[in-house]
Amino acid sequence: MMKEIYQVPTSQSLQGDVIISGAKNAVLPLMAATLLCRGISIINNVPQLDDVNTMAEVLRYLGAKVEHQNSSLTIDTRECDGYQAPYHLVTKMRASIYVLGPLLARLGQASVALPGGCAWGPRPVDLHIAGMQALSAKVELSHGNIHAHAGRLQGADFTFSISSVGATVNLLLASVLADGTTRLFNAAIEPEIDNLVDQLNAMGAQIFGKGTSTLVIEGVTELKAATIDAIPDRIEAGTYLIAGAITQGKVTVKQVQPAHLTALIDSLTATGTLICCEDDSITIDAQQRALQPISIKTGPYPLFATDLQPQWMALCVSLTGVSQVTDTIYPDRFQHVAELCRLGANIRVKGNTACIIGTPNLSGAPVKASDLRAGAALILAGLIASDYTEISDIHHLDRGYQNLIGKFATLGATIKRSHHPVATNQAIAAPLLSLCG
Ligand code: UD1
């Protein structure tokens, strides 16, 4: 049997420009929003990623026609009447739950599999459900599914007990077609939410308070198809900026919105790198600079993004000195720690904080990507580890990094994707048998 791996050799300082793709975490809600109308919607700046393909599969399952050409996605929902999102699709990607709100709003019913946990914890969806109930939906949980019914949803006030990107998306998608006014308090203010608000308003919704934690939605009876551009992927951009820092290189990320990366830029500056922002690009210059590790704590936007926490840890691991990384969003998001330690990192985790004693002497080893951003962290660490780092379970990276090999190649790193033999039970059993025999 063969498995695919990334082989990451020790790299020189990365140098050059990299064009950043559209944000998958923006595209997924934009795709779900097309279910709110019957028409042909277009989303531009869409990356070719497994998560986008999974959401396309969900929409097709519901009856939509979806085409992805170059970076444009055309979604035809004129004959889209399905209301069930099954487990085999939802389990591939949690964001499939975004179809709950629009199906309930337009069709009055939805049956969506509960997404379950993920690599770093249980990740509940109680806020999504409580929000639908606040809009007068009847919700039952049975056989691992969320079954929701409503006549027309009724506008209401709803306060998120904690800031949740996904629950804010779902409540926006449900309330735009509700009867009357909905007010969402403590709503998430991530840039991906603003992108969704722009799309919904272009479809004819009446949403006020964009960019703030209080969103007011005046329900309308019908929405029309629209065209929207997905915003740039701030997490992809951040990953390449950290790649510039960790290899002490000079990297420019292009087609980005620097304002979306303030927390990372501040932290990178504090390490001792030089950062220069222009309208739609950011350059990091870490050449011949003695960098120091900087402690970070993740939080809701605009604080440090949890989706950049593993990559940041890879940087701290490689710099001489002591630092701490605290994740307040996902206290268990430390699956990458054990793998970084296989490369020679010295990390202790206590509660939601990792204490890191950095060393520039990492050495390549076979490691496993436990999830998307953990995989990115291993690539970054592999760039400065001696010899080769071989990363397995790289399907996780296909969920979120378009053309990863090509983009690193433009910066001078020659990462290879190759097939690697996996020991089967038979292959393992044979020598054991001969030992026993
Ligand atoms: C989104 C992102 C993910 C990112 C996360 C936090 C997408 C597709 N995914 O995930 O990459 O890591 O935001 O920035 O955009 N929570 C509850 N109950 C709920 C919902 C969430 O307790 O019903 C908790 C979560 O366990 C977590 C916190 O709220 O501790 C924030 O999670 P949330 O913002 O909802 O994350 P996602 O939308 O799932």
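Counting starts at 1 for both ligands and their atoms, following the listed order. Hydrogens, waters and symmetry mates are skipped; everything else that's a heavy atom, side chains included, is used. Values in this document were obtained by computation on a predicted structure and should not be read as measured data.
Under 4.0 Å from ligand 1, heavy atoms of His128 appear from its side chain as well as its backbone. Within the 4.0 Å heavy-atom criterion, both parts of Leu127, backbone and side chain, lie near ligand 1. Only the side chain of Arg333 comes within 4.0 Å of ligand 1, counting heavy atoms alone; its backbone N, CA, C and O stay farther away. With a heavy-atom cut-off of 4.0 Å, Asp307 touches ligand 1 through its side chain alone. Counting heavy atoms under 4.0 Å from ligand 1, residue Tyr301 does not touch it at all. With a 4.0 Å cut-off on non-hydrogen atoms, Asp126 touches ligand 1 through its backbone as well as its side chain.
Any N or O atom pair closer than 3.5 Å counts here, and Glu190 shares no such pair with ligand 1. Any N or O atom pair closer than 3.5 Å counts here, and Ile329 shares at least one such pair with ligand 1. At under 3.5 Å, a nitrogen or oxygen of Val165, whether backbone or side chain, sits near a nitrogen or oxygen of ligand 1.
Taking every non-hydrogen atom of Thr306 and a distance limit under 4.0 Å, the qualifying atoms of ligand 1 come out as 6 (C), 12 (O), 14 (O). The Val125 neighbourhood of ligand 1 comprises atoms 19 (C), 23 (O), with distances under 4.0 Å to a heavy atom of that residue. Below 4.0 Å from some heavy atom of Pro124 lie the following atoms of ligand 1, by number and element: 17 (C), 18 (N), 19 (C), 20 (C), 21 (C), 22 (O), 23 (O), 26 (O). Proximity to Gly166 (heavy-atom distance under 4.0 Å) selects the following atoms of ligand 1: 35 (O), 38 (O).
Of the charged side-chain nitrogens involved, none lies within less than 4.0 Å of a carboxylate oxygen, so that Arg38 and Glu79 do not count as a salt-bridged pair. Under a 4.0 Å N-O distance rule, the pair Lys210/Asp198 qualifies as a salt bridge. The pair Asp17-Lys407 fails the salt-bridge criterion, with no side-chain N (NZ, NE, NH1 or NH2) lying under 4.0 Å from an Asp/Glu carboxylate O. The residues Glu57 and Lys92 are annotated as salt-bridged, a charged nitrogen and a carboxylate oxygen being separated by less than 4.0 angstrom. Salt-bridge formation is not detected for the pair Arg399/Asp50: no Lys NZ or Arg NE/NH1/NH2 atom is positioned less than 4.0 Å from an Asp or Glu carboxylate oxygen.
Applying the salt bridge (Lys or Arg N to Asp or Glu O under 4.0 Å) test to residues at least two apart or on different chains, none of the pairs has a partner in residues 139-151.
Distances from ligand 1 to the non-hydrogen atoms of Tyr98 include at least one value under 4.0 Å. Ligand 1 lies less than 4.0 angstrom from a heavy atom belonging to Ser163.
Judged purely by atom type and a 3.5 angstrom limit, Thr168 uses its side chain to pair as donor or acceptor with the backbone of Ala188. The main-chain N or O of Ser72 is never found under 3.5 Å from a side-chain atom of Asn70 such that the two would form a donor-acceptor pair. Judged purely by atom type and a 3.5 angstrom limit, Glu339 uses its side chain to pair as donor or acceptor with the backbone of Lys368.
With distances taken over non-hydrogen atoms, the option nearest atom 21 (C) of ligand 1 out of Ala26, Ser161, Ser164 is Ser164.
Legend: residues meeting side-chain contact (heavy atoms from CB on, under 4.5 Å) with Pro86, ordered by chain and number and at least two apart, are Tyr61, His88, Leu89.
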